[in-house]
Protein chains: 2
Amino acid sequence: MQDLDVKDTVADEVDMRDLVDSLGFLTRLAQVHTYELFFEDLGDDGPRPGEFSTLILLERNPGIRQGVLAQKLRIKPAHMTKLVRAFEDRGFVERIIPDHDRRSVELALTALGRKYVAEHRPAFLEHETRKPPTLTASEIRTLKHLLRKYVGMAAEDRS
Amino acid sequence: MQDLDVKDTVADEVDMRDLVDSLGFLTRLAQVHTYELFFEDLGDDGPRPGEFSTLILLERNPGIRQGVLAQKLRIKPAHMTKLVRAFEDRGFVERIIPDHDRRSVELALTALGRKYVAEHRPAFLEHETRKPPTLTASEIRTLKHLLRKYVGMAAEDRS
DNA sequence: TCAGAAAAGTATCCTAGTAAACTATTTCGC
DNA sequence: GCGAAATAGTTTACTAGGATACTTTTCTGA
């Protein structure tokens, strides 16, 4: 997939001042990069990053409300509806309208959904533990720690 | 009246194991977060993050080829075509087909484009220097440094 | 007690970005 | 030289995700 040769000379001469100091630009690059690593390791077959995180959260939190799920994953409710509907169509999740508040929707994996997660989780966990080649293990720990702190996650200091 | 903060409790109790250790998830959160900070500071009027980086790169590198621009910004060529066309329609950039290679397209800001950048750059630079509240200055430096290293940017160690 | 206000989710429309196939040039191998 | 392959960009058709406006249900205050 890499086609980066030939005009390296020209490309290397590009003046990227401002940008290399922009946290916005760097986080974008980082996300593109993690997506590439993801698909490199896991191929185009299994669930995508967003689907994976949704399923994993669903497995660990059966009965979670759809809105809470969206909020935790920083996905807009409108989009979460689509995601969940798609999972429902594939038979992976069950939508339950509880009696005590019939506006809300509680979600849980079906047996098929749990099977699907069980099938794909090992590859995902392995992918997650695979160290990106440009960073040391300790740098990764620091990076994750700083990212959590940056986005306002209760700093679970495991570093 | 009995349990008036039910959903707060529920939301806080969500088990996010796996996810809080996933670099993919964390980089996504980080990008969403930087976008929010961006629009918080700069409003919906001026250029968006992607447009800004394109314009800034164009200003610093007049005559840059469209493909090089795309490659540097990690934007797909197909999408870069649209971006550039939109800038052209607004009179901000000029497309030049050089004689020595008439397949390629060289780009440069017009006078109007430079004016537009000059108008919006101060707010952008100020935004960039505004420290995100959850990190210290030194943590930001480390974070940027690690992100650069993660995405494979020639480590320009200014930290 | 009942008229609004708020909450939860959904439907509709729209933009950003991608993939794959296509056009136009240039270069390479013989 | 000339046909094949590579390069640069574009077009078309699609997907992910977001904004906004709406239904339904629940809660609140006079």
Side-chain angles (χ1 to χ4, degrees), chain A residues 1-11 24 28-29 31-32 35-36 38-39 44 47-54 63-89 93 95-107, chain B residues 1-8 10-11 24 28-29 31-32 35-36 38-39 43-44 47-54 63-89 93 95-107:
Chain A
M1 295 297 172
Q2 261 65 337
D3 43 14
L4 33 96
D5 16 17
V6 185
K7 64 276 178 265
D8 273 353
T9 332
V10 178
R28 178 172 189 280
L29 289 192
Q31 172 148 37
V32 170
Y35 265 63
E36 279 171 3
F38 182 95
F39 288 113
D44 303 329
R48 288 89 177 313
E51 296 178 346
F52 237 125
S53 46
T54 306
I64 191 174
R65 283 217 327 282
Q66 187 168 310
V68 173
L69 189 61
Q71 174 190 333
K72 283 292 169 185
L73 295 175
R74 302 296 233 111
I75 289 172
K76 293 285 172 267
H79 183 45
M80 183 52 78
T81 295
K82 294 183 204 172
L83 271 179
V84 168
R85 280 280 153 80
F87 281 141
E88 205 187 10
D89 290 347
V93 316
R95 295 161 45 91
I96 298 147
I97 312 283
D99 267 353
H100 60 81
D101 184 349
R102 303 214 321 285
R103 295 168 301 182
S104 63
V105 179
E106 293 180 354
L107 303 173
Chain B
M1 284 291 122
Q2 301 75 7
D3 42 14
L4 44 99
D5 46 9
V6 175
K7 60 191 176 323
D8 280 350
V10 174
R28 178 172 188 281
L29 290 192
Q31 171 146 40
V32 170
Y35 264 62
E36 278 171 3
F38 182 96
F39 288 112
D44 302 329
R48 287 92 179 310
E51 296 177 346
F52 237 125
S53 46
T54 306
I64 192 175
R65 282 217 328 283
Q66 186 168 312
V68 174
L69 189 61
Q71 175 189 335
K72 282 293 167 184
L73 295 175
R74 302 295 234 114
I75 289 172
K76 294 282 173 275
H79 183 44
M80 184 53 76
T81 295
K82 292 187 204 172
L83 272 179
V84 168
R85 280 280 151 81
F87 281 142
E88 206 187 8
D89 290 347
V93 315
R95 298 161 40 92
I96 298 147
I97 312 284
D99 267 352
H100 60 80
D101 183 350
R102 302 212 327 284
R103 295 167 301 183
S104 63
V105 180
E106 293 181 353
L107 303 172

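So that the names make sense, note that chain A is the first sequence line, chain B the second, and so on, each numbered from 1. The basis for the numbers below is simple: all heavy atoms, side chains too, and nothing from hydrogens, waters or symmetry mates. Computed from a predicted structure; not experimentally measured.
Of the listed nucleotides (C/dT25, C/dT18, C/dT10), C/dT10 has the atom at the smallest distance from the side chain of A/Arg95. In the set C/dA8, C/dT18, D/dG9, the nucleotide with an atom closest to the side chain of B/Ala78 is C/dT18.
Of the side-chain N and O atoms in B/Arg103, none sit less than 4.0 angstrom from OP1 or OP2 of C/dT26. For A/Arg85 and C/dT10, the shortest distance from a side-chain N or O to OP1 or OP2 is below 4.0 Å. When the side-chain nitrogen and oxygen atoms of B/Arg102 are compared with OP1 and OP2 of C/dA24, none of them lie within a distance under 4.0 Å. Not one side-chain nitrogen or oxygen of B/Ser104 sits closer than 4.0 Å to the OP1 or OP2 atom of D/dA8. Between B/Gln66 and D/dT10 there is a side-chain N or O to OP1 or OP2 distance below 4.0 Å. For the OP1/OP2 pair of D/dG18 and a distance below 4.0 Å, the side-chain nitrogens and oxygens of A/Arg74 include no atom meeting the criterion.
Both B/Lys76 and A/His79 lie near DNA chain C, and the one whose nearest nucleotide falls closer to the 5' end is A/His79. Both B/Gly50 and A/Val105 sit near DNA chain C, but only A/Val105 has its closest nucleotide nearer the 5' end.
For B/Arg95 against B/Leu107, the heavy-atom pair with the smallest separation is CG-CD2, 3.8 Å.
Atoms CD and CE, on B/Gln71 and B/Met80 in that order, are 10.5 Å from each other to the nearest 0.5 Å. Atom-to-atom distance recorded for A/Asp99:CG and A/Arg102:CZ is 7.0 Å, nearest 0.5 angstrom.
Atoms NE2 (A/His100) and P (D/dC27) sit 10 Å apart, rounded to a whole Å. Atom-to-atom, CD1 of A/Ile97 to C1' of D/dT26 comes out at 14 Å; the value is rounded to the nearest Å.
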- request: Decide side-chain contact (heavy atoms from CB on, under 4.5 Å) for A/Phe87 and A/Glu51; before the verdict, give the C-alpha distance in whole Å, the side-chain angles of both, and the deciding distance to 0.1 Å.
  value: CA-CA 9 Å; A/Phe87 281 141; A/Glu51 296 178 346; 3.8 Å; yes

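Looking at B/Lys82, its side chain has no donor and acceptor atom pair within 3.5 Å of the base of D/dT11.
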